[in-house]
Protein chains: 2
Amino acid sequence: MKLLEERILKDGQVLGENILKVDSFLTHQVDYQLMKEIGKVFADHFKNAGITKVVTIEASGIAPAIYVAESLGLPMVFAKKAKNITMTEGILTAEVYSFTKQVTSQVSIASKFISQDDKVLIIDDFLANGQAAKGLIEIITQAGAKVAAVGIVVEKSFQDGRELLEKEGVNVVSLARLAAFENGQVVFTQADI
Amino acid sequence: MKLLEERILKDGQVLGENILKVDSFLTHQVDYQLMKEIGKVFADHFKNAGITKVVTIEASGIAPAIYVAESLGLPMVFAKKAKNITMTEGILTAEVYSFTKQVTSQVSIASKFISQDDKVLIIDDFLANGQAAKGLIEIITQAGAKVAAVGIVVEKSFQDGRELLEKEGVNVVSLARLAAFENGQVVFTQADI
């Protein structure tokens with residue numbers, strides 16, 4: 001997605017060897033115009049895929065996911081990272097290790113929101129080691145539903161998330177794919193859309 | 001907001017003495033159509049208030065806040081509940097106690113996203129004891145910016161959040177105000193919009 005790549009080059013900040021900070025438009029401050037475009041691009045790609053639900057994980061996945069849901073005309077569900085006293089029944093869970101936050105957390109979705117008739121499009125802001133997506137796939141599979149694909153805004157292609165997911169037979173569709181950081185600059189490889 | 005009150009009556013679940021579960025359209029599964037309407041209603045109310053930025057707190061505030069931001073044509077910033085290794089510089093923080101999750105957490109916003117020229121509309125999904133909003137107000141005040149108002153989707157008017165905020169001179173605007181739960185049913189009091 002050219003618009004996204006341009007925005008990353010303009011406003012992204014490379015930190016150290018493997019961190020790209022996109023907190024001015026995606027992960028902290030959010031640009032709704034870009035999110036709308038992201039929603040349209042994913043929806044256009046998946047419009048004939050029979051998707052019935054968009055699933056993401058809190059918190060940075062929510063803004064892109066809700067616009068994907070809007071563009072597809074579907075409900076969006078965001079998985080929770082912490083237990084909540086109002087979540088009392090029928091919870092599906094998986095363990096997820098976050099390399100960014102350096103903690104293992106339990107991710108959960110109330111089972112009533114995923115049925116065995118669902119065909120789910122997972123949306124997330126970043127794909128690095130694939131742990132969050134793997135946890136969501138685990139939950140969706142527990143519910144007896146199908147995962148149509150994993151849609152990623154920014155993929156760190158130099159980490160092994162895509163490989164891990166593709167080995168499990170999951171279709172990964174990324175809007176921007178970071179091949180490497182060279183002299184503090186992002187080098188892209190061909191994106192999927 | 002009549003549409004929201006009707007939705008609460010239709011799909012909300014009263015749990016025990018003071019919990020309203022709205023996880024089928026707001027806090028877990030999200031209905032983008034309702035979020036769009038919420039965005040429009042807040043934007044219409046605040047269109048002449050000189051707002052420059054919409055601020056919320058992860059995670060359930062993000063969906064309504066991004067649609068408010070879209071309707072006002074402004075950026076949205078969501079405060080973070082946990083420290084992140086990519087947040088390295090100029091962070092404004094406040095302590096927030098969550099009665100729902102029974103934990104105290106540090107809430108933070110990168111200072112570069114709030115300037116002293118900003119007039120901020122805070123948006124959140126729930127107002128109960130007002131602790132989250134109080135933390136956000138603290139952060140925005142630290143940045144030297146002004147809080148125009150706190151916009152709430154669902155206010156538990158039988159708890160003291162509104163009183164706490166109004167005592168500090170903050171304008172609270174809620175779309176649905178829960179007066180009480182009677183026999184497992186929600187009783188509303190007059191909403192602000």
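The figures here come from the full heavy-atom set of this structure, side chains too, leaving out hydrogens, waters and symmetry mates. Labels below follow one simple rule: chain letters A, B, ... track the order of the sequence lines, proteins then strands, and each chain is numbered from 1.
For Leu26(B), the part lying under 4.5 angstrom from a heavy atom of chain A is the backbone only. Proximity to chain A is limited to the side chain of Gln13(B), based on heavy atoms less than 4.5 angstrom apart.
Ranked by heavy-atom pairs shorter than 4.5 Å toward chain A, the options Ala63(B), Ser60(B), Ala65(B) are led by Ser60(B). Note on Met76(B), Gln33(B), Glu58(B), Lys112(B): by heavy-atom pairs under 4.5 Å with chain A, the leading option is Met76(B). Interface summary for chain A: among Asp31(B), Val103(B), Leu74(B), the most heavy-atom pairs under 4.5 angstrom belong to Leu74(B).
Residue His28(A) comes nearest to Ser108(B) through the heavy atom pair CE1-O, 4.0 Å, listed as atom of the first residue, atom of the second, then distance.
Heavy-atom neighbours of chain B within the stretch residues 157-188 of chain A, taken at a separation under 4.5 angstrom, are nonexistent. At a heavy-atom separation below 4.5 angstrom, chain A is approached by Lys36(B), Lys53(B) within residues 35-55 of chain B.
Between the CD atom in Glu70(B) and the CD1 atom in Ile66(A) there is a gap of 11.0 Å [rounded to 0.5 Å]. With rounding to the nearest 0.5 angstrom, the CZ atom of Phe78(A) is 6.0 Å from the OG1 atom of Thr27(B).
The ring pair (Phe, Tyr, Trp, His ring centres under 6.0 Å) search around Tyr67(A) returns Tyr67(B), not counting sequence neighbours.
Within the structure, the salt bridge (charged side-chain N to carboxylate O under 4.0 Å, His left out) test picks out no pair touching residues 133-154 of chain B (sequence neighbours left out).
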